[in-house]
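Every heavy atom of this structure was used, including side-chain atoms; hydrogens, water molecules and symmetry mates were not. None of these values were measured; they are calculated from a predicted model.
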Amino acid sequence: QVQLVESGGGLVQAGGSLRLSCAASGRTFSNYHMAWFRQTPGKEREFVSRINRSGGITYYADSVKGRFTISRDNAKDTLYLQMNSLKPEDTAVHYCAAANIYGVRPDLYDYWGRGTQVTVSS
């Protein structure tokens, strides 16, 4: 089992920045590919970004490319998402997830945090 706990969400004005963190515990963090997803009420969970086990390969949804940066510190068992130039449409609950398979589909991910709310005001 891997336990994931997100933090860093909050209320920010459009154009602002936030840095999300995801602290992992349990099994070895570096064994897992990691990703961020987000979800708004009534909509399906949406892929945001992923990073491979070593941190050397990253991938972003078109909607966040150039604004968000995913990273990880395997020594600290922590995943990050730096979010810049935030837009009102980025408002959502943001989740981190861990998987043995490197992909973008939510069903590929075995472990999930409870999420952290990001709200961007216009």
Side-chain angles (χ1 to χ4, degrees):
Q1 291 282 341
V2 176
Q3 290 78 44
L4 303 172
V5 179
E6 301 93 339
S7 61
L11 173 63
V12 63
Q13 288 188 333
S17 299
L18 283 174
R19 189 193 195 202
L20 304 185
S21 298
C22 172
S25 61
R27 293 188 177 177
T28 305
F29 178 67
S30 59
N31 286 348
Y32 294 91
H33 303 300
M34 299 296 296
W36 289 97
F37 292 82
R38 63 189 182 186
Q39 190 170 23
T40 54
K43 293 188 177 181
E44 294 186 352
R45 197 161 290 189
E46 173 192 22
F47 168 79
V48 174
S49 181
R50 69 185 186 197
I51 188 167
N52 73 333
R53 294 184 178 97
S54 69
I57 301 174
T58 59
Y59 182 75
Y60 298 91
D62 288 343
S63 58
V64 306
K65 198 174 296 181
R67 300 188 297 123
F68 291 10
T69 303
I70 191 171
S71 62
R72 66 190 296 166
D73 186 337
N74 287 342
K76 294 184 178 180
D77 294 344
T78 304
L79 173 73
Y80 302 100
L81 185 68
Q82 178 66 44
M83 305 186 295
N84 298 330
S85 302
L86 282 161
K87 304 175 180 179
E89 50 263 44
D90 294 318
T91 295
V93 178
H94 286 65
Y95 299 89
C96 64
N100 288 303
I101 298 173
Y102 190 56
V104 301
R105 298 196 333 254
D107 64 305
L108 296 176
Y109 287 79
D110 303 303
Y111 304 102
W112 293 83
R114 293 189 175 184
T116 185
Q117 176 70 45
V118 172
T119 303
V120 184
S121 62
S122 58

Do [X] and [Y] share a hydrophobic cluster, counting only Ile, Leu, Val, Met, Phe, Trp and Tyr and linking them when any side-chain heavy atoms are less than 4.5 Å apart?
| X | Y | answer |
| --- | --- | --- |
| Val2 | Phe37 | no |
| Val12 | Leu81 | yes |
| Val104 | Ile101 | yes |
| Leu4 | Trp112 | no |

Would you find a donor on one side and an acceptor on the other, under 3.5 Å apart, between the side chain of [X] and the backbone of [Y]?
| X | Y | answer |
| --- | --- | --- |
| Thr28 | Ser30 | no |
| Arg50 | Met34 | no |
| Arg19 | Gly9 | no |
| Ser49 | Tyr59 | yes |
| Thr78 | Lys76 | yes |
| Tyr109 | Cys96 | no |
| Asn52 | Ile57 | yes |
| Glu6 | Leu20 | no |

message: If only side-chain N and O atoms count, and only distance matters, is there a donor-acceptor pair under 3.5 Å linking Ser17 with Asn84?
response: yes
message: Quick test of your reading: applying ring pair (Phe, Tyr, Trp, His ring centres under 6.0 Å), list the pairs with at least one residue in residues 80-103, sequence neighbours left out, ordered by first then second residue.
response: His33-Tyr102
Side-chain contact, heavy-atom cut-off 4.5 Å: [X] with [Y]?
| X | Y | result |
| --- | --- | --- |
| Gln1 | Tyr111 | yes |
| Phe47 | Val64 | no |
| Met83 | Val120 | no |
| Arg72 | Phe29 | yes |
| Leu86 | Leu18 | yes |
| Ser63 | Arg38 | yes |

Quick check: closest heavy atoms across [X] and [Y], and the distance to 0.1 Å?
| X | Y | answer |
| --- | --- | --- |
| Phe68 | Val48 | CD2-CG1, 3.8 Å |
| Ala14 | Ser122 | CB-CA, 4.4 Å |
| Thr40 | Thr91 | CG2-O, 3.1 Å |
| Ala35 | Leu79 | O-CD2, 3.9 Å |

statement: Value for CZ (Arg114) from CD (Gln3), rounded to nearest 0.5 Å, stands at 11.0 Å
task: Check the pair Asp62 / Lys65 against salt bridge (charged side-chain N to carboxylate O under 4.0 Å, His left out), numbers first and verdict last.
output: CA-CA 5 Å; Asp62 288 343; Lys65 198 174 296 181; 3.1 Å; yes
